[in-house]
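Okay, so here's the structure we're looking at.
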Amino acid sequence: MQQQRDRVTIDRVTKYYGEKLVLDDVSLSVAEHEVVCLIGASGSGKSTLLRCITDLVEFDAGRISLDGVSIHDESFGRNGLHKRVGIVFQAYNLFPHMKVVDNITLAPRKVHGIPREESEGRARELLALFGLDGYADSYPEQLSGGQQQRVAIVRALATNPEVLLLDEVTAALDPELIGGVLQVIKDLKGQGMTMLIVTHEMGFARDVSDRVCFLEGGRILEEAPPEKLFSAPEHPRTRQFLQRIIEAGRL
Amino acid sequence: MSSRRPTPAAAPAGRTLSPREKYLPSVISVTSVVLVVLVVRRAVISAEQWPRIKAQFFNLDAMVDVFPDVLAGFGVNMSVWAVALVVIAIWALVLAVFRSLTGPWFAPLRVFSIVYIDLLRGLPSLLMVLLFGFGVPALQIPGLPRSSLFWGATAMVLSYSAYAAEVYRSGMDAVHDGQRAAAKALGLSQWQTLRYSIVPQAIRNVIPSLLNLAVALQKDVALLSVVGVRDAVREAQIYTARTFNYSSLIAAAVLFLAATIPMARLTDYVARKDRERRLQRTA
Ligand SMILES: Nc1ncnc2c1ncn2[C@@H]1O[C@H](COP(=O)(O)OP(=O)(O)OP(=O)(O)O)[C@@H](O)[C@H]1O
Ligand SMILES: [Mg+2]
């Protein structure tokens with residue numbers, strides 16, 4: 001594979017919540033068109049890392065950059081970073097008082113200045129693409145969990161982000177709904193989207209990712225291509241983690 | 001005593017209640033209430049003092065006599081109430097938004113809002129009405145209205161806004177953190193986040209509490225009578241002073257009840273709907 005330039009670079013990032021060390025000297029980069037999966041036990045700091053990249057929380061040391069420019073650089077302005085990096089949350093976080101179409105078009109209209117008609121047209125296209133045509137005028141609470149999560153992904157995509165961060169987007173879903181959402185993400189990979197994905201679905205991680213990182217206690221213990229990490233993990237902790245996952249029947 | 005009284009929900013499926021089981025509870029309730037009322041009524045009417053009380057408080061002729069004046073006064077109450085309600089709803093929201101702004105540049109607005117709310121929640125509304133209703137007109141500042149109605153109503157608005165602002169604030173606090181995160185991640189500014197995400201959800205959260213405040217305000221507008229505004233209470237007092245009969249106050253009381261009881265019922269209804277909506281969402 002041809003070596004691509006790095007889009008997101010995380011360089012020795014450390015973060016404390018009060019006294020608690022949550023990210024410990026984490027370094028990681030995601031290249032153009034690359035899909036990197038983050039796996040690790042609950043509380044290992046996966047969500048926190050995504051929140052640091054999107055500047056939703058502050059970190060204490062290190063540097064995160066997009067195309068080599070620090071995310072705290074003034075050139076990003078107030079929302080330059082968020083115009084280029086999208087994030088989908090584990091709990092969807094849709095706006096419950098807005099119709100699906102308004103959820104999706106809010107940022108395009110108010111942040112990117114796209115006229116309502118144009119943004120709604122694009123929203124409907126995306127909804128159709130994600131198997132959600134007919135739901136544009138529904139409210140989030142009228143949708144199933146899987147549909148809500150797909151709406152959340154559409155909302156993040158509606159602003160044409162260059163990089164997409166996904167935080168356990170299937171964790172809250174019933175098993176029969178997971179497949180549809182994962183397929184959507186695989187399609188995105190097919191279109192060349194650069195993604196950093198937190199997931200507990202090991203089979204999915206193996207299929208979709210170019211690289212897998214195992215995070216524990218705020219440190220990246222192991223980083224390898226999926227074939228290697230899942231079949232011959234080097235670190236004993238990784239082996240232990242995967243063993244537990246296999247016992248739980250998730251691989 | 002030993003008879004079972006299954007509630008409809010507890011009754012086994014397919015089993016129909018006999019008419020006796022269905023209606024007996026209501027019949028018992030109605031009869032017992034009527035009985036108690038009759039007994040109390042009898043005790044009151046047979047009391048030695050009753051004829052005097054009736055003449056002083058429940059004199060129908062006096063009520064009919066004073067009713068047009070009291071009703072006109074009540075019109076003042078209701079108009080002040082309606083206007084104040086709108087102004088309070090807006091001004092309190094502004095205060096709550098000021099208070100919620102983060103960032104060093106907004107510190108003056110934040111501090112203003114905190115001081116305002118602390119002060120005005122700490123002061124009796126009556127004191128505010130006296131201070132504004134008598135005090136400001138007495139200054140005779142050119143260009144400012146001199147009516148005690150205007151200034152008294154302003155005092156009510158200022159005072160109630162402090163409470164309403166706290167209600168809004170609790171509603172904003174109740175909006176899940178994830179909403180702010182989602183809005184920020186989409187690139188919305190702090191102002192846009194409030195405008196499109198937080199405030200609409202907060203308003204929905206607090207409508208029942210705001211309606212409760214509205215009911216309280218409906219009665220408290222009568223405080224304006226102390227600065228000479230000719231509202232229902234003032235008109236009734238004027239009549240009482242002239243005739244030494246208190247029936248006029250009872251007439252005013254009936255008018256207040258006619259307005260506040262339906263409002264309170266509406267509030268209960270909205271609160272119940274709101275609760276159902278939340279339950280549905282968490283289910
Ligand atoms: N707002 C916060 N305040 C204090 N501590 C926090 C906060 N958010 C997270 N933490 C702590 O930081 C650690 C990492 O949390 P994080 O949410 O990043 O874990 P995670 O790997 O995403 O876990 P999960 O798989 O359960 O989502 C946890 O120990 C958590 O208790
Ligand atoms: Mg998490």
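Proteins get letters first, then strands, A, B, ... in listed order; numbering begins at 1 in each.
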Is Glu74(A) atom CD crowded by more than 12 heavy atoms from other residues, nucleotides or ligands, each under 6.0 Å away?
no
Identify which part of Lys110(A) has an atom lying under 4.5 Å from any heavy atom of chain B, answering side chain, backbone, both or neither.
both
Checking heavy atoms, do the side chain of Phe89(A), its backbone, both or neither come under 4.5 Å from chain B?
side chain
Answer yes or no for Lys15(A) and Tyr17(A): cation-pi contact, defined as NZ/CZ to six-membered ring centre under 6.0 Å and angle to ring axis within 45°.
yes
Take atom CZ in Phe112(B); do more than 12 heavy atoms of anything else shown fall under 6.0 Å from it?
yes
Test item: Ser75(A) and Val69(A) side chains (from C-beta on) under 4.5 Å apart, heavy atoms:
yes
For residues 78-90 of chain B against chain A, heavy atoms under 4.5 Å, the residues are none
Looking just at side-chain N and O atoms, do Thr9(A) and Ser29(A) make a donor-acceptor pair shorter than 3.5 Å?
no
The interface call for Asp102(A) against chain B, heavy-atom contacts under 4.5 Å, is neither
For Val30(B), enumerate each residue passing the side chain to side chain contact (heavy atoms under 4.5 Å, CB included) test, keeping only those at least two apart in sequence or located in another chain.
Val34(B)
Please rank Leu94(A), Val85(A), Val57(A), Thr54(A) by heavy-atom pairs under 4.5 Å with chain B and give me the top one.
Leu94(A)
Highest number of heavy-atom pairs under 4.5 Å with chain A among Gln192(B), Lys184(B), His176(B) belongs to Lys184(B)
Just wondering, more than 12 heavy atoms not from Tyr135(A) lying within 6.0 Å of its OH?
no
Should we say atom NZ of Lys186(A) is surrounded by more than 12 heavy atoms from elsewhere, each under 6.0 Å from it?
yes
Structural part of Leu81(A) lying under 4.5 Å from a heavy atom of chain B:
neither
On a heavy-atom basis, the closest approach of Asn103(A) and Pro140(A) is ND2-CG, 3.7 Å
Tell me, for Val88(A) versus chain B, whether the close heavy atoms (under 4.5 Å) come from the side chain, the backbone, both or neither.
neither
For Arg155(A), which atoms come within 4.5 Å of any heavy atom of chain B: side chain, backbone, both, or neither?
both
4.5 Å side-chain heavy-atom contact, Arg122(A) and Asn160(A)
yes
